[in-house]
Amino acid sequence: MDRASHWERVYSEKAPRDTSWFEDDPTESLDLLLLTGLESGTSVIDIGAGRSPLPRSLVDRGLHDVTALDVSREALDQLDSAEGRVTRVVADITSWLPERHYDRWHDRAVLHFLSAEDAQLYRRTMLDALTPHGAVVIGVFSDSGPESCSGLPVTRYREEDLLEWLGPEFLVLDTRHHTHHTPWGAAQDFVWVAASRDPQKMSLT
Ligand SMILES: C[S@@+](CC[C@H](N)C(=O)[O-])C[C@H]1O[C@@H](n2cnc3c(N)ncnc32)[C@H](O)[C@@H]1O
């Protein structure tokens with residue numbers, strides 16, 4: 001089954017609380033996005049948003065340029081889009097060609113599904129899509145996290161792996177480890193990074 005079909009099936013068949021990544025309150029994401037500085041005009045894209053509450057939370061905080069991208073149309077149909085105030089993009093991040101720039105790039109639990117090769121394609125797209133003074137917030141399974149999710153294998157990242165993948169074009173603002181608890185009480189260890197683009201390194205991108 002290809003990637004899109006897998007996720008279409010997941011979102012068609014499973015209620016939100018039947019998925020391990022469900023959270024009521026996107027605390028880590030919001031904390032780290034706020035650390036990068038958010039104003040009403042800050043544009044944010046949530047990569048692999050699924051039906052996360054994050055886009056809606058950002059709109060509720062007064063941001064008026066929020067985009068949710070996911071490979072699953074079904075997920076985005078179920079997303080709380082705050083009465084159409086969240087722009088929805090159905091695309092696979094490894095082949096997506098962004099048509100504009102974003103000030104903030106957010107990813108919770110998506111990068112870790114990608115092979116090393118696809119993670120490099122993703123990184124290239126992230127650099128292309130991000131404004132020169134943009135920032136990223138990314139959370140992936142850490143080296144003590146699960147070895148699979150939603151029936152798919154994942155790549156677990158040590159903090160140094162995540163920073164190495166991010167590369168020299170970024171200045172790290174914060175890293176943190178956080179244990180997410182699934183709706184049925186299982187612990188999942190994540191490592192997070194918030195980093196701003198280093199304008200001095202634009203020539204390398
Ligand atoms: C574990 S879920 C996390 C969802 C959301 N970020 C959250 O925190 O609730 C992973 C999400 O990534 C999406 N996804 C997986 N691979 C993708 C890809 N290559 N491009 C875009 N979205 C992808 C899935 O459809 C799914 O919604």
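As the structure is a prediction and not an experimental result, all values here were calculated from the model. Counting convention: from 1, in listed order, for ligands and their atoms alike.
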Can R104 and D65 be counted as an ion pair, charged N to O under 4.0 angstrom? no
Could you tell me how the ring of W105 sits relative to the ring of W96: parallel (under 30°), tilted (30 to 60°) or perpendicular (over 60°)? tilted
When you compare the side chain of Y102 with that of L69, does any pair of heavy atoms fall below 4.5 Å? no
D107 side chain to Y122 side chain, donor-acceptor N/O pair below 3.5 angstrom: yes
Any donor-acceptor N or O pair under 3.5 Å, side chains H180, E28: no
Show me, by chain and number, every protein residue that has a heavy-atom distance under 4.0 Å to ligand 1. R3, W7, Y11, W21, G48, A49, G50, S52, L69, D70, V71, A91, D92, I93, R108, A109, V110, F113
Quick one: are the ring centres of F190 and F141 less than 6.0 Å apart? yes
